[in-house]
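What you are looking at is a predicted structure, and each value in this text was computed from that prediction instead of being measured.
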Amino acid sequence: MTRVMSTPAARRVAGERKIDLAKVKGTGIGGYVQLSDVQSFKGGKATFLARAMADYLGVDIDAVSAEGDMVRKQDVLAYKALMGEDKVIPLNGMRKVIAKQMKASLDTAAQYTIMGEADCSRLKPLMKQYTADCMEATGVKPTFSDLFIKAVAMALKMNPMLNSSFMEDHVLIKGNINVGLAVSLGEDGLIVPNLKNAHMMSLYEITKAREDLVTRARDGKLAPDEYSGGTFSISNYGRTPVQYFTPIINVPESAIIGIGNMTNKPVAVGNDIGIRPMLGLSLTLDHRHIDGTTGEKFLKDFRDIIENPDQLLD
C-alpha cells in the first residue's frame with residue numbers, strides 16, 4: 001500500500017471524515033496533501049456542500065445517513081429537522097417571583113425531608129360519607145385536601161414549633177395557624193393561598209373556604225393578603241403517580257408537608273399481610289431550629305389523625 005505524503009492536520013481531518021487520502025489531490029510541494037485539500041475534497045462519504053452545511057448547523061456529519069453512498073445537503077437538512085430546535089421561553093412575572101423565592105428558600109433555610117406513610121383504610125369511607133353530607137349541606141364538593149388541611153391544623157396545635165419562623169436571634173412561634181395549599185396554575189406557575197386560622201374552622205368551613213380560594217386563585221382574583229401570611233403549607237400530589245418528593249419550604253415558614261398518591265400496597269396487618277391504601281408523606285423542615293425528633297412527632301401525630309379520622313369531624 002502506497003503511503004500518501006500528507007500533513008498531520010490533513011491526516012487527522014481525513015480520519016475524522018473517513019476520507020481516503022489516496023483519492024485526494026495534494027496541492028503542496030511534491031503533491032503533499034494539505035489540510036485545505038482535505039477540507040475541499042468533494043468525494044468520499046459526504047459532498048463538500050453537505051460538510052459545509054453540517055459545520056454551519058452544528059451537525060455531526062458522521063451521524064447523518066444517506067439513501068445512496070454519498071451524504072448530500074438535503075440529508076443534512078433532514079437530519080437537522082429530526083433533531084429539533086432550541087426554543088427560548090421568556091419568563092413571565094410570576095415565574096420570576098417563583099424562581100426568586102425558591103432560590104431564596106434553599107439559600108436561607110437548612111432544609112431536610114423525612115418521609116412516612118399513613119394507612120387510609122378508614123379515611124376513604126369517611127371521605128365518601130363526608131362528601132355526601134357536605135354536598136347536601138353546602139352544595140360544595142369536598143376534596144381530600146380539606147381533610148389534610150384539618151389534620152395539619154390539629155397536628156400543628158400539638159407541635160407548635162412547626163408553626164414558626166426563624167428570626168436569626170430568636171424563633172417566633174405563630175399564634176395563628178394559617179395553612180397554605182399549593183395551587184397549580186399550569187404553565188404559569190403556582191400560588192399558595194392560605195386559610196387563616198384553620199384551627200378554628202370546622203371541616204365544612206374549610207371545604208367552602210378551600211373551594212373559594214382555589215377557584216379565585218385559578219382565575220387570578222386573589223387579594224395579596226390571601227396568599228401571604230401563611231404559617232405552614234401543603235403540597236398535594238394526590239392525583240399523580242408521585243408518592244414521595246422533597247417539597248421546598250415557603251419561607252419564612254418553617255415546614256411544608258408533601259402529600260403523595262394514595263396507593264394500594266401489601267402491608268403487615270397483625271401477623272398477616274393485607275392490601276391497604278397507603279398515603280405517601282414527605283415533610284420538609286428547617287433544621288436551624290427544628291430537629292428530627294420534633295419533625296418525627298408531627299409526622300406521627302398527623303399520621304395518627306389520618307388513620308383515626310373521626311376526630312376530623314369534631
Side-chain angles (χ1 to χ4, degrees), residues 112-135 141-163 177 179-182 184 195 198-199 201-207 210 214 232-249 254-285 290-314:
Y112 69 106
T113 304
I114 59 176
M115 300 175 182
E117 290 182 322
D119 183 345
C120 295
S121 297
R122 297 178 63 187
L123 188 72
K124 290 184 70 176
L126 180 139
M127 179 63 185
K128 184 177 180 179
Q129 184 60 53
Y130 174 63
T131 298
D133 294 343
C134 186
M135 289 289 290
K141 185 177 181 179
T143 70
F144 276 102
S145 290
D146 304 333
L147 306 184
F148 300 146
I149 291 168
K150 181 71 172 179
V152 160
M154 294 171 65
L156 286 173
K157 289 187 68 175
M158 295 182 275
N159 301 272
M161 186 59 73
L162 276 72
N163 197 58
I177 295 178
V179 181
L181 179 66
S184 173
L195 284 74
H199 62 299
M201 302 171 73
S202 69
L203 193 52
Y204 281 155
E205 291 171 329
I206 287 174
T207 295
R210 186 270 313 155
V214 170
F232 186 100
S233 294
I234 298 172
S235 181
N236 187 358
Y237 275 66
R239 294 183 179 273
T240 75
V242 176
Q243 285 189 277
Y244 304 97
F245 56 107
T246 53
I248 298 175
I249 295 171
S254 295
I256 179 172
I257 191 166
I259 308 293
N261 188 16
M262 194 181 297
T263 305
N264 287 332
K265 292 183 178 181
V267 297
V269 182
N271 294 324
D272 297 320
I273 299 295
I275 303 298
R276 295 289 186 270
M278 303 302 293
L279 186 69
L281 305 174
S282 305
L283 178 66
T284 298
L285 307 154
I290 302 177
D291 295 328
T293 52
T294 304
E296 180 274 332
K297 183 179 180 301
F298 173 90
L299 198 61
K300 179 181 180 299
D301 291 337
F302 179 83
R303 182 201 65 191
D304 290 346
I305 294 168
I306 295 298
E307 294 186 348
N308 300 279
D310 290 344
Q311 56 194 304
L312 294 171
L313 302 177
D314 293 343

*Asks:* What is the distance from atom CD1 of Ile257 to atom CG of Leu281, rounded to the nearest 0.5 Å?
*Replies:*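 Nearest 0.5 Å value for the CD1-CG distance: 5.0 Å.
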*Asks:* Please name the pair of heavy atoms, one in Cys134 and one in Tyr204, separated by the smallest distance, quoted to 0.1 Å.
*Replies:* CA-CE2, 3.7 Å
*Asks:* Taking C-beta and beyond as the side chain, do Ser235 and Phe245 meet within less than 4.5 Å on heavy atoms?
*Replies:* yes
*Asks:* Any side-chain heavy-atom pair from Val267 and Val269 closer than 4.5 angstrom?
*Replies:*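 Heavy-atom side-chain distance check passes, below 4.5 Å.
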*Asks:* Using every non-hydrogen atom in the two residues, find where Arg210 and Pro142 come nearest and quote the distance to one decimal.
*Replies:* NH2-CA, 3.7 Å
*Asks:* Less than 4.5 Å apart, side chain to side chain, heavy atoms only: is that true for Met278 and Thr263?
*Replies:*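 Side-chain contact under 4.5 Å: no.
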*Asks:* Less than 4.0 angstrom from a charged side-chain N to a carboxylate O is my criterion; do Asp301 and Lys297 meet it?
*Replies:*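 Yes.
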*Asks:* Can you measure from OG1 (Thr207) to CG (Asp146) and round to the nearest 0.5 angstrom?
*Replies:*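 The OG1 atom of Thr207 sits 3.5 Å away from the CG atom of Asp146.
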*Asks:* Determine whether Ile234 and Ser145 make a side-chain contact, defined as any pair of heavy atoms from C-beta on separated by less than 4.5 Å.
*Replies:*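 No, side chains not in contact.
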*Asks:* What is the distance from atom CD1 of Ile206 to atom OG1 of Thr143, rounded to the nearest 0.5 Å?
*Replies:* 11.0 Å
*Asks:* Do Leu147 and Leu203 come close enough that some side-chain heavy atom pair is under 4.5 Å?
*Replies:* yes
*Asks:* Do Leu195 and Glu205 have side chains that approach each other closer than 4.5 Å (heavy atoms only, starting at C-beta)?
*Replies:*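 No, their side chains stay 4.5 Å or more apart.
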*Asks:* What are the two closest non-hydrogen atoms of Val179 and Ala198, and how far apart are they?
*Replies:* CG2-CB, 3.9 Å
*Asks:* Closest approach of Pro309 and Leu123, non-hydrogen atoms and distance?
*Replies:*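 Answer, listing the atom of Pro309 first, then Leu123: CB-CD1, 3.6 Å.
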*Asks:* Could you measure the distance from the CG atom of Leu299 to the CG atom of Asp304? Nearest 0.5 Å is fine.
*Replies:* 9.5 Å
*Asks:* Does NZ belonging to Lys265 count more than 12 external heavy atoms closer than 6.0 Å?
*Replies:*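 Yes, because the 6.0 Å sphere around NZ of Lys265 holds more than 12 heavy atoms from other groups.
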*Asks:* Say you draw a straight line from OG of Ser121 to CD of Glu307; how long is it, rounded to the nearest 0.5 Å?
*Replies:* 8.5 Å
*Asks:* So Leu283 and Leu162, do their side chains get closer than 4.5 Å, heavy atoms only?
*Replies:* yes
*Asks:* For Met201, does its backbone N or O pair with a side-chain atom of Lys150 as donor and acceptor, under 3.5 Å?
*Replies:* yes
*Asks:* Less than 4.5 Å apart, side chain to side chain, heavy atoms only: is that true for His199 and Asn163?
*Replies:*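 Counting from C-beta outward, His199 and Asn163 never come under 4.5 Å.
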*Asks:* Anything under 30° is parallel, anything over 60° is perpendicular, the rest tilted; go ahead and classify Phe148 against Phe302.
*Replies:*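 Judged by the thresholds at 30° and 60°, the geometry between Phe148 and Phe302 is tilted.
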*Asks:* Do you know the tightest heavy-atom contact between Leu285 and Ala255?
*Replies:* CD2-CB, 3.8 Å
*Asks:* From Thr246 OG1 over to Ile114 CD1, what is the distance, rounded to the nearest 0.5 angstrom?
*Replies:*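 Here the interatomic distance stands at 13.5 Å.
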*Asks:* Classify the side-chain pair Thr293/Asp291 by whether it contains a donor and acceptor separated by less than 3.5 Å.
*Replies:* no
*Asks:* If you count the non-hydrogen atoms of other residues, nucleotides and ligands that lie under 6.0 Å from OH in Tyr237, is the total more than 12?
*Replies:*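 Count not over threshold, so no.
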*Asks:* Taking Thr284 for its side chain and Ile249 for its backbone only, find out whether a donor-acceptor pair lies under 3.5 Å.
*Replies:*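 Checked: no pair found.
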*Asks:* Heavy atoms only: give me the nearest Ile290-Met161 pair and the separation to one decimal.
*Replies:* CD1-O, 3.7 Å
*Asks:* Does Tyr130 use its side chain to pair, donor to acceptor, with the backbone of Leu313 at less than 3.5 Å?
*Replies:*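 No, because the side chain of Tyr130 does not come within donor-acceptor range (under 3.5 Å) of the backbone of Leu313.
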